[in-house]
Colleague: 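Here you go, one structure.
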Protein chains: 2
Amino acid sequence: MKIGELAARANLSASAIRYYEKLGLLAAPQRIGGQRRYPSGALQRVLLVRFATDMGFTLSEIKLFLNGLGDHIPVGPRWRKLASRKLVEVKQNISRSLKLKSLLQGLLRCHCASLEFCVTRLSLSSNLRGLSRSNR
Amino acid sequence: MKIGELAARANLSASAIRYYEKLGLLAAPQRIGGQRRYPSGALQRVLLVRFATDMGFTLSEIKLFLNGLGDHIPVGPRWRKLASRKLVEVKQNISRSLKLKSLLQGLLRCHCASLEFCVTRLSLSSNLRGLSRSNR
DNA sequence: CTAGAACTTAAAGTCAACTTTAAGTCAAGC
DNA sequence: GCTTGACTTAAAGTTGACTTTAAGTTCTAG
């Protein structure tokens with residue numbers, strides 16, 4: 001499989017594939033005439049990476065539990081640790097977003113002339129602060 | 001009020017204040033000996049901007065409904081439109097995060113040897129795709 | 001009066017995950 | 001054999017919200 005086909009099947013771009021390789025998320029494949037030729041297993045690997053990024057892991061986190069360079073903790077516990085950390089983040093994000101939602105709904109129901117009034121009237125100061133402001 | 005005091009009171013840095021000024025989110029204040037002197041109203045303004053960014057608006061969106069350059073739609077409707085668009089995003093983010101949460105919990109309960117097995121065993125292919133992958 | 005903290009500017013750097021560019025090489029179909 | 005599309009590289013660009021840097025100016029306390 002050439003890079004274009006792999007990219008198409010994984011629904012991302014060829015340059016993204018090369019980028020994953022450079023980051024060490026994907027093994028450098030055999031080459032024919034300088035061009036990359038992938039075994040079918042590569043697709044599964046790429047899809048796993050996509051899946052993990054969709055779950056909110058960063059590429060360097062993914063690298064950690066895919067080929068765990070750096071420390072000597074085995075894959076299982078390492079993944080488990082990262083995943084439970086991520087779970088906390090996700091939960092925080094949920095509660096933050098729920099707050100946000102009712103806040104926005106409140107502001108939309110409000111008929112103040114200016115936003116400043118709304119904000120002070122509804123005294124929505126900032127119970128928003130300090131919650132993980134990024135699920136990516 | 002000098003910039004350092006304003007920054008401290010708004011809990012951000014002096015350079016961020018200058019940045020807001022450059023973006024047009026904050027009026028250029030009077031100067032004494034080249035240094036910025038802010039009226040007390042400036043604090044409220046900065047806090048409003050912080051509040052809006054906390055709600056997930058980008059600085060350029062905030063600029064739009066603060067001093068709406070560009071179009072001639074009055075502030076009320078403009079804010080309303082942006083806010084309801086944001087509300088949709090937030091709702092999408094919530095449902096995405098809820099899926100993520102149960103996914104992670106499922107994976108954590110699973111005792112497969114490798115993540116690949118887990119993923120295929122739980123057939124968690126990607127019902128995750130296509131949901132707003134950014135609440136900022 | 002002077003040390004040093006706080007201010008000034010424009011421009012460059014940061015992070016993540018890629019994309020784009022430029023300039024060139026290879027492969028497949030006719 | 002030639003065209004054309006797919007591939008190759010390294011380096012620079014993108015986005016958003018700032019921060020950092022460098023070099024210089026001003027304010028303030030003692």
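Every chain is numbered from 1, with letters handed out A, B, ... down the list of sequences.
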Colleague: Calculate the interatomic distance between Leu12(B) atom CG and dT20(D) atom P; express it in whole Å.
Modeller: 14 Å

Colleague: Taking the side chain of Leu59(B) as heavy atoms from C-beta outward, which of dC18(D), dC26(C), dC27(D) is closest to it?
Modeller: dC18(D)

Colleague: Can you check the Ile17(B) CD1 to dA6(C) P distance for me, whole Å?
Modeller: 16 Å

Colleague: Among the candidates dC26(C), dT19(C), dT26(D), find the nucleotide nearest to the side-chain atoms of Ser15(A).
Modeller: dT19(C)

Colleague: CD of Gln35(A) versus C1' of dA6(D): gap in Å, rounded?
Modeller: 7 Å

Colleague: Rounded to whole Å, please give me the gap between CD in Glu21(A) and C1' in dA10(D).
Modeller: 14 Å

Colleague: As a test of reading the structure: which of dC27(D), dC7(D), dC18(C) is closest to the side chain of Tyr19(A), going by heavy atoms?
Modeller: dC18(C)

Colleague: Parallel, tilted or perpendicular: which one describes the rings of Phe57(B) and Trp79(B), with boundaries at 30° and 60°?
Modeller: tilted

Colleague: Quick check on dC18(D): is either OP1 or OP2 less than 4.0 Å from any side-chain nitrogen or oxygen of Tyr20(B)?
Modeller: yes

Colleague: Using a cut-off of less than 4.0 Å, is there contact between a side-chain N or O of Arg31(A) and OP1 or OP2 of dT9(D)?
Modeller: yes

Colleague: Whether Arg50(A) contacts dC18(C) is assessed here as follows: a side-chain N or O lying under 4.0 Å from the phosphate OP1 or OP2. Is that the case?
Modeller: yes

Colleague: Using side chain to side chain contact (heavy atoms under 4.5 Å, CB included), reason through Leu43(B) and Tyr38(B) one step at a time and then give a plain yes or no.
Modeller: CA-CA 8 Å; Leu43(B) 178 59; Tyr38(B) 293 94; over 6 Å; no

Colleague: Taking atom C1' of dA6(C) as reference, at what distance in whole Å does atom OH of Tyr38(B) sit?
Modeller: 14 Å

Colleague: Which heavy-atom pair separates Leu87(B) from Gln105(A) by the least distance, and what is that distance?
Modeller: CD2-CG, 3.8 Å

Colleague: To the nearest angstrom, how far is Leu26(B) atom CG from dA17(D) atom P?
Modeller: 16 Å

Colleague: Judged by each residue's nearest nucleotide on DNA chain D, which is more toward the 5′ side, Lys22(A) or Gly34(A)?
Modeller: Gly34(A)

Colleague: Please pick, from dC7(C), dT19(C), dT8(D), the nucleotide with the shortest atom-to-atom distance to any side-chain atom of Ala16(A).
Modeller: dT19(C)

Colleague: Between Glu89(B) and Lys86(B), is there a salt bridge with N-O shorter than 4.0 Å?
Modeller: yes

Colleague: Taking CG from Leu23(A) and C1' from dA10(D), how many angstroms apart are they, rounded to a whole number?
Modeller: 15 Å

Colleague: Side chain of Arg18(B): nearest nucleotide among dC27(D), dT8(C), dT9(D)?
Modeller: dT8(C)

Colleague: Between CD1 of Ile94(A) and NZ of Lys101(A), what distance do you get to the nearest 0.5 Å?
Modeller: 12.5 Å

Colleague: Answer with base, sugar-phosphate or nothing: what part of the nucleic acid does Leu25(B) contact at a heavy-atom distance below 4.0 Å?
Modeller: nothing

Colleague: Starting at atom CZ of Arg37(B), determine the distance to atom P of dT8(C), rounded to an integer number of angstrom.
Modeller: 9 Å

Colleague: Considering all heavy atoms of both residues, which atom of Pro29(A) and which atom of Arg37(A) are nearest to each other, and what is their separation?
Modeller: CB-O, 3.4 Å

Colleague: Any side-chain N or O of Arg36(A) under 4.0 Å from OP1/OP2 of dC7(D)?
Modeller: no

Colleague: Look at all strands and tell whether Ile3(B) reaches a base, only sugar-phosphate, or nothing, counting heavy atoms closer than 4.0 Å.
Modeller: sugar-phosphate

Colleague: NA contact type, Ile62(B), heavy-atom cut-off 4.0 Å: base, sugar-phosphate, or nothing?
Modeller: nothing

